[in-house]
K.L.:
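I'd like to ask you about the structure that follows.
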Amino acid sequence: MKVTVGKGSCGIAAGAGEIFSLLEQESASPIVTGCIGMCYLEPIVNVIGDDGKMQIFVNVDETAAREILKLSRGETNEADKYAIKKEDLDALDSQHRIALVNCGIIDPENIDEYIARQGYEAAKKCITQLSPDQVIDVIKVSGLSGRGGAGFPTWFKWKAAKDARPGPDGKKYVICNADEGDPGAFMDRAVIEGDPHALIEGMMIAARAIGSDEGVVYVRAEYPLAITRLEHALTQAREKGMLGKNIFGSNFSFDMRIKAGAGAFVCGEETALIASLEGERGMPRLKPPFPAQKGFWQKPSNINNVETYANVPWILREGGEAFSALGTENSKGTKVFALTGKIAKGGLIEIPMGKTIKDVVYGVGGGIKGGKAFKAVQMGGPSGGCIPAALEDTMIDYKTLGATGAIMGSGGMVVMDETTCMVDMARFFLDFTCKESCGKCTHCRIGNRRMLEVLERICAGDGKEGDVELLSDLAVQVKEASLCGLGQTSPNPVLTTIRYFREEYDDHILRKKCTAKSCKPLLTFTINDKCIGCTLCKKKCPSDCITGKVKEKHEIVQADCVKCGKCKEVCKFDAVSVD
Amino acid sequence: MGCSCTDKKVWQFSDPTIDPSLMEGTFEKYAGSPGTLIPILQKAQDLYGYLPFDLLAYIAHRTGIQPAKVMGVVTFYTQFRTKPIGKNLILLCQGTACHVNGSADIEEAIRDHLQVEEGEITENGLFTYNNVACLGCCSLAPVIMIGQKFYGNLTKESVVDVLKKLEQEEGAQ
């Protein structure tokens, strides 16, 4: 009997640490696993019988943990009460896991568990049996494309780096972009925390393909647990001889190290990432030369993101055809998404390309939280766009998503309901881009700032006729005149919200209304007939604009109201209406 | 490539708690290897909590990197701060998921309770709060991180409870 506890960052935040300690104190010898993706059910405890049968227990608190303890000791128990529901299990089973195949299953701190699940077999095959060209061919057949956002064919990058002539020292680099700066995305963190060896093996294979002996993983400093687990995994891999000199008795040598990022979204752009690795300000530069020709320290370098590398061992093990059999004509394989926002069952999911947005939101995601109406889904973070509910049948595939004005991106999928204001969303993303713009290109630095100012005034109720046209015009210019992906895509949230939610812009500008009731300056607070005259709102009002006597209906003097919403917040009788 | 006047200078720091000898190991470790300014700055911030101007000048002097370049790197990355912070640093997530789930209200509650603006230290020296782009715990939105610990699914009330509890613990010590 084996007991495992999901201890990813979100599991720990939900209290998995306390549950783990409790099980440990009671000498149940629990084992740590990473995140299985069902964040809404954390903390999760699995009990695996000697026959290999696994029972999953969810939302485990102290009482539940004690019942699970009894179960593990073979005593009578009520653990069943905390067992995962069938619908949740079905949602898990409906996924297809390649990058996340081991996440939540194995102990990320124990290399033997990874090896027991065919770990490092693919690397061994690549190093001892296949030529670099054969490895690249398998990746080509698989149709794997970069999972960081742009979706560039992985084999093409590898081939370019392989064919690039190194300097006299023969040095080439394999770099992993784990600077997951996209707000609303956490798949890279989950892979590193839950299955760090998959990343190491993927990078080893890339190194073998391009002829490199050194790898660097650029991880966000905000992911301390991921860094610790990866450090640990690297140490174990070295001890086992998976990293180091003459791996598997061959003449191939490879080792890698971690570089903690210092917090800059633009460092997700590959040339900016390289500048940061070299200790400079992370500012992008013009391409070409591409990193495959002149990258880290001017040497040929291959850069992929975590999810891309994590797919590689599976592809080499199962064959390129097995991967390309999944997905659509122009998007092969599976994709990991971080499903968040106003969704009932948020978490990390991996599905084959070609599913629809509806499949994800209502199938795996269980619909909208609190039974509200589904309004839009934001994909691709600050570079992506909002896809309206009307397009819920859109297939998840690089091309069809691109046609909507959004992008696949790294896999953040933020679901929004009727209470989310789309103008405010556009403002939110522009605010982010303005803070993160490196300042190199004028249009990105100043154009985005002007757009933000326009959006801010619209949200404050000071929008002017012609503002939408002004935004559209600026958006096109920023896209055209920016050097890197950040600037070229930063207007996307604005453009897609204008395209699909123009009415909301008009409501804000012309009618001074926010239909989602989110932009406070545009709201009118009134007291309705439910008021019993308790005087609470009057006492709490910061601008003393509520009049009325005890036990009489109160009134808000609109001219003095600062629209803070305090009256509505404190009213126990639902007597404050908002319009 | 420090100028000759700094070579003979006796380094004195405006903040008396800064003991530059703690950095010796780091300077030694990275001596002669290019591109290591960021890890050096990260280590310094770990040790001293922040990177005051005179410390940056000292790092520039010791590494031979131009002070302007050191300053350029420090101001580029959000991780680095040039002002001291309170005993507990509260990172308030302003990611997309947190935003749609009401992180603005959480910020208001924190600000009201602590009576400080972002980046400032509370009167009792216990707290500083900073907005951050995303903590990557989106399923727990809205979320804050204090030290290594996450607090999720917050409301205006529960976040104040978290702060009060920490204040009590600090008071008891």
Side-chain angles (χ1 to χ4, degrees), chain A residues 9-10 12-14 17 39-40 42 180-186 188-190 220-225 259-265 267 276-283 297 338-342 346-348 378 381-382 412 414-417 419-420 424-425 428-429 431-432 435-436 438 569, chain B residues 30 33-43 45-46 63 65 69-81 91 93-105 108 112 130-141 143-145 147-154 156-157:
Chain A
S9 284
C10 31
I12 293 172
C39 305
Y40 63 104
E42 297 280 5
E180 193 168 46
D182 184 351
F186 53 97
D188 293 349
R189 192 204 65 192
R220 291 184 79 188
E222 285 92 338
Y223 288 174
L225 183 62
K259 172 85 178 40
F265 176 66
C267 289
S276 181
L277 281 178
E278 292 173 353
E280 306 281 335
R281 288 162 72 95
M283 289 164 99
W297 299 125
L339 193 56
T340 60
K342 303 288 182 77
L348 209 62
Q378 208 284 342
V414 185
V415 178
M416 293 155 190
D417 69 9
T419 63
T420 314
D424 178 63
M425 268 336 283
F428 167 79
F429 280 115
D431 181 54
F432 177 83
K435 284 178 187 149
E436 295 296 340
C438 80
E569 207 181 291
Chain B
Y30 293 117
S33 34
T36 47
L37 176 58
I38 294 173
I40 290 172
L41 292 169
Q42 283 170 330
K43 182 70 192 170
Q45 185 161 291
D46 266 358
T63 56
I65 299 169
K69 195 183 151 187
V70 174
M71 200 60 194
V73 168
V74 168
T75 51
F76 186 83
Y77 296 98
T78 49
Q79 188 190 13
F80 299 126
R81 50 182 172 262
L91 299 178
C93 183
Q94 296 286 4
T96 322
C98 287
H99 178 74
V100 299
N101 280 308
S103 58
D105 289 344
E108 198 183 301
D112 282 357
N130 275 339
N131 287 313
V132 292
C134 186
L135 291 172
C137 272
C138 312
S139 49
L140 298 161
V143 61
I144 59 169
M145 185 179 182
Q148 300 267 326
K149 202 170 159 116
F150 290 95
Y151 301 86
N153 295 318
L154 293 170
K156 275 176 136 175
E157 292 75 34

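Below, chain A is the first sequence line, B the second, and so on; all start at residue 1.
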K.L.:
Give, as side chain, backbone, both or neither, the part of A/Leu277 having an atom under 4.5 angstrom from any heavy atom of chain B.
P.N.:
backbone
K.L.:
Given a strict heavy-atom distance threshold of 4.5 Å, which part of A/Lys435 is in contact with chain B: side chain, backbone, both, or neither?
P.N.:
neither
K.L.:
Please state whether the side chain, the backbone, both or neither of A/Thr420 comes within less than 4.5 Å of a heavy atom of chain B.
P.N.:
side chain
K.L.:
Under a 4.5 Å heavy-atom cut-off, does chain B meet the side chain of A/Cys438, its backbone, both or neither?
P.N.:
both
K.L.:
Less than 4.5 Å to any heavy atom of chain B: does that hold for the side chain of A/Ser276, its backbone, both, or neither?
P.N.:
both
K.L.:
Which one of A/Arg220, A/Gln378, A/Glu436, A/Glu222 has the most heavy-atom pairs closer than 4.5 Å to chain B?
P.N.:
A/Arg220
K.L.:
Does any backbone or side-chain atom of A/Phe265 lie under 4.5 Å from a heavy atom of chain B? Answer side chain, backbone, both or neither.
P.N.:
neither
K.L.:
Do side-chain atoms of B/Gln42 reach the backbone of A/Ala260 as a donor and acceptor pair under 3.5 angstrom?
P.N.:
yes
K.L.:
So, for A/Ala262 and B/Tyr77, which heavy atoms are closest and what is the spacing to 0.1 Å?
P.N.:
O-CB, 3.3 Å
K.L.:
Please report the shortest heavy-atom distance between A/Gly184 and B/Cys138, naming the atom on each side.
P.N.:
CA-SG, 3.5 Å
K.L.:
Sort out for me which of A/Ile12, A/Asp431, A/Asp424, A/Leu225 touches chain B most, counting heavy-atom pairs under 4.5 Å.
P.N.:
A/Asp424
K.L.:
Can you see which heavy atom on B/Ser139 is nearest to which on A/Cys39, and at what distance?
P.N.:
OG-CB, 2.9 Å
K.L.:
Provide the closest heavy-atom pair for A/Pro183 versus B/Thr96 in the form atom of the first, atom of the second, distance.
P.N.:
O-OG1, 3.1 Å
K.L.:
Does B/Met145 reach the side chain of A/Pro224, with side-chain heavy atoms less than 4.5 Å apart?
P.N.:
yes
K.L.:
I'd like to know which of B/Leu37, B/Asn153, B/Val132, B/Val100 tops the heavy-atom pair count under 4.5 Å against chain A.
P.N.:
B/Val100
K.L.:
Side chain, backbone, both or neither: which part of B/Asn131 has an atom under 4.5 Å from a heavy atom of chain A?
P.N.:
neither
K.L.:
Just so I understand: if I count every heavy-atom pair under 4.5 Å between each of A/Phe432, A/Phe186, A/Phe429, A/Tyr223 and chain B, which residue has the most?
P.N.:
A/Phe186
K.L.:
Using every non-hydrogen atom in the two residues, find where B/Gln79 and A/Gly261 come nearest and quote the distance to one decimal.
P.N.:
OE1-O, 3.6 Å
K.L.:
Could you look at A/Arg281 and say if it's the side chain, the backbone, both or neither that has a heavy atom under 4.5 Å from chain B?
P.N.:
both
K.L.:
Could you tell me which non-hydrogen atom of A/Met283 sits nearest to which non-hydrogen atom of B/Phe76, and how far apart they are?
P.N.:
CG-CE1, 3.8 Å
K.L.:
For B/Gly35, is there any backbone N or O sitting under 3.5 Å from a side-chain donor or acceptor partner on A/Glu280?
P.N.:
no
K.L.:
Atom OG1 in A/Thr340, atom CG in B/Leu140: separation rounded to 0.5 Å?
P.N.:
11.0 Å
K.L.:
Please classify the contact between A/Ala185 and chain B as side chain, backbone, both or neither, with a heavy-atom cut-off of under 4.5 Å.
P.N.:
backbone
K.L.:
Quick check for you: among B/Ala133, B/Pro34, B/Gly152, B/Cys93, which has the greatest number of heavy-atom pairs under 4.5 Å with chain A?
P.N.:
B/Pro34
K.L.:
Could you walk me through whether B/Cys134 and A/Glu180 satisfy the side chain to side chain contact (heavy atoms under 4.5 Å, CB included) test, starting with their C-alpha distance in whole Å, then the side-chain angles of each, then the deciding distance to 0.1 Å, before giving a yes or no?
P.N.:
CA-CA 9 Å; B/Cys134 186; A/Glu180 193 168 46; over 6 Å; no
K.L.:
With a 4.5 Å cut-off on heavy-atom pairs, point out which of B/Gly95, B/Gly136, B/Ala97 contacts chain A the most.
P.N.:
B/Gly136
